[in-house]
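What follows is a short report on a single structure.
Every number for a ligand or one of its atoms is a count from 1 in the order of the listing. FYI, side chains are in, hydrogens and waters are out, and symmetry mates aren't considered; it's all heavy atoms of this structure.
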Amino acid sequence: MILTFTSIISILLVLISGRYIVSPIIKLTNATKKIRKGNYDVALQVRRKDEIGQLAASFSKMASELEKSEAARQEFVANVSHELQSPLTSMQGFATLLRSETLTEKEQAEYLAVLSEETMRLSSLTKQLLTLASLDQEATLRKKETFQLEAQWRQLLQMTEWSWREKELTMDVELEDVIYTGDAELLYQVWSNLLTNAMKFTPKGGIIKIHLYEKANEVVVEVADNGIGISDKDKAHIFSRFYKADQSRLREEGSIGLGLSISKKIIDLHNGTICVESKLGQGTTFTVTLPRINL
Ligand SMILES: Nc1ncnc2c1ncn2[C@@H]1O[C@H](COP(=O)(O)OP(=O)(O)O)[C@@H](O)[C@H]1O
Ligand SMILES: [Mg+2]
């Protein structure tokens, strides 16, 4: 009697454990195999609240994150290819034109200028891509030095003087004597991008205000312009890689759309924040805040 009874109980237990433990694990294993083959569509029905349910839930979440990052990677590669392709196509076209013997000297000079412009565009694109790649690998700041932010800004203003003078822009500059510890080279890139953006997107005769000051335990840099501004719709995307508002108009200005995403990464590495305030047609203000602590 006892023997039969225990046998029945054991068989029942084995069946129950098979149903409740083994079968979800088999499902998970199959889902893993699917993901390995690049298929992220693994719908796991999870109604259970126990450990296995939690495992299945976090597995589904991981699958959807993987899918997102794979999509982002593909979009990035597509963008890079496109950005590389367009200058190359135009360079090839102009090189062919230059070979024709009936060109006037003026035409020749014109085509050569386009060629050199496109080469510069390619060079700046690859430089920015390299910067992004090296920033992607950095989790914390590698190089730290103490330097004068004010002197850095003065240098930048001097370096860009010819272009803002040419565009007849007024520079309203207020720089406090601020010393900061961080990666000077990377921060210079941030300021340079914010300033070039302000100059690029402000029509002739506009005003650019630069304010560097210290507040409690923070260093604040504001770059404001009275240029074309950014719409609310675009504001949400300008820090994304390759995002440009109004594509066609900016193509000739040499926009790539990587500057702000690089800047954001650099500011993140310094545990700071970068934010934007803008009204379409009225102007834009970028504010960078760098904490002195946590570095
Ligand atoms: N000061 C500004 N005024 C208006 N629009 C701006 C300004 N700064 C950035 N933007 C918008 O954000 C986009 C992304 O800027 P950025 O990442 O620096 O790329 P890029 O300078 O190569 O266009 C720009 O194409 C532009 O549409
Ligand atoms: Mg830029």
Side-chain angles (χ1 to χ4, degrees), residues 72 75-76 79-87 117-133 135-136 153 156-157 159-160 163-164 167-173 185-212 220-269 272-288:
E75 194 194 331
F76 183 72
N79 276 325
V80 171
S81 320
H82 175 79
E83 290 291 334
L84 286 173
Q85 193 55 47
S86 43
E117 218 169 86
E118 294 290 13
T119 325
M120 260 153 53
R121 192 180 155 76
L122 271 181
S123 151
S124 128
L125 171 67
T126 44
K127 229 187 272 166
Q128 294 192 59
L129 286 174
L130 283 173
T131 311
L132 259 186
L135 284 175
D136 275 341
W153 263 103
L156 176 63
L157 287 167
M159 297 288 285
T160 48
S163 49
W164 49 264
K167 229 178 154 182
E168 291 163 25
L169 296 169
T170 307
M171 289 287 169
D172 179 349
V173 181
E185 214 180 301
L186 289 182
L187 286 174
Y188 188 86
Q189 283 189 43
V190 176
W191 316 140
S192 162
N193 182 49
L194 292 181
L195 184 63
T196 7
N197 280 351
M199 295 194 306
K200 200 157 56 171
F201 303 112
T202 304
K204 217 170 173 171
I207 302 173
I208 295 175
K209 281 190 191 151
I210 293 151
H211 193 187
L212 161 67
V220 185
V221 177
E222 285 168 8
V223 180
D225 63 59
N226 63 351
I228 61 170
I230 307 170
S231 69
D232 285 339
K233 179 187 127 275
D234 288 327
K235 233 185 273 177
H237 305 288
I238 51 169
F239 293 104
S240 315
R241 294 174 182 187
F242 290 110
Y243 192 85
K244 293 168 261 187
D246 199 343
Q247 315 268 341
S248 55
R249 184 171 42 78
L250 300 177
R251 175 71 178 85
E252 48 196 318
E253 300 244 25
S255 272
I256 296 171
L258 286 177
L260 282 177
S261 57
I262 292 177
S263 305
K264 170 119 179 54
K265 267 212 120 84
I266 295 173
I267 298 301
D268 284 348
L269 274 177
T273 55
I274 176 166
C275 48
V276 59
E277 249 176 81
S278 187
K279 272 233 165 70
L280 205 59
Q282 291 182 17
T284 309
T285 305
F286 279 94
T287 309
V288 173

Exercise. What do we get for Asn193 next to ligand 1 when only non-hydrogen atoms under 4.0 Å count, side chain, backbone, both or neither?
Worked result: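 Near ligand 1, Asn193 shows its side chain, while the N, CA, C and O stay back.
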Problem set entry | ligand 1-proximal atoms of Phe286, by part, heavy-atom distance under 4.0 Å |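 Side chain only.
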Determine yes or no for a side-chain-to-main-chain donor-acceptor pair under 3.5 angstrom, with [X] supplying the side chain and [Y] the backbone.
X	Y	answer
Thr160	Ser163	no
Asp225	Thr284	yes
Thr202	Met199	no

Close side-chain approach of [X] to [Y], heavy-atom, < 4.5 Å:
X	Y	result
Ile267	Lys264	no
Ile262	Asn193	no
Phe286	Val221	no
Ser192	Thr196	yes

Counting only heavy atoms, tell me which of [options] gets closest to [atom].
atom	options	value
atom 8 (N) of ligand 1	Asn197, Asp225, Thr202, Val223	Asn197
atom 21 (O) of ligand 1	Lys200, Lys244, Lys235, Met199	Lys200
atom 11 (C) of ligand 1	Leu280, Ile238, Thr285	Ile238

Exercise. Salt-bridged, Asp136 to Arg241, with N to O below 4.0 Å?
Worked result: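 The answer is yes: the pair qualifies as a salt bridge.
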For this session: Flag the pair Asp232 and Lys235 as a salt bridge only when some basic side-chain nitrogen lies within less than 4.0 angstrom of an acidic carboxylate oxygen.
Result: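 So Asp232 pairs with Lys235 through a salt bridge.
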For [X], atoms of ligand 1 separated by under 4.0 Å from a heavy atom:
X	answer
Tyr243	13 (C), 14 (C)
Thr284	1 (N), 2 (C), 3 (N), 4 (C)
Gly257	17 (O), 19 (O), 20 (P), 22 (O), 23 (O)
Ala245	25 (O), 27 (O)

Does the N or O separation between [X] and ligand 1 drop below 3.5 Å for any pair?
X	value
Leu260	yes
Ile230	no
Phe201	no

For this session: Carefully, step by step, assess Ile210 and Trp153 under the rule side-chain contact (heavy atoms from CB on, under 4.5 Å).
Result: CA-CA 9 Å; Ile210 293 151; Trp153 263 103; 3.8 Å; yes
Exercise. Are any N, O or S atoms from Thr196 nearer to the Mg ion (ligand 2) than 2.8 Å?
Worked result: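 So Thr196 does not count as coordinating the Mg ion (ligand 2).
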For this session: Flag Asn193 as yes if one of its N/O/S atoms falls below 2.8 Å of the Mg ion (ligand 2), otherwise no.
Result: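 Yes, since at least one N, O or S atom of Asn193 sits under 2.8 Å from the Mg ion (ligand 2).
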Exercise. Are Gly227 and ligand 1 in contact, using a heavy-atom cut-off of under 4.0 Å?
Worked result: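 No, Gly227 has no heavy atom closer than 4.0 Å to ligand 1.
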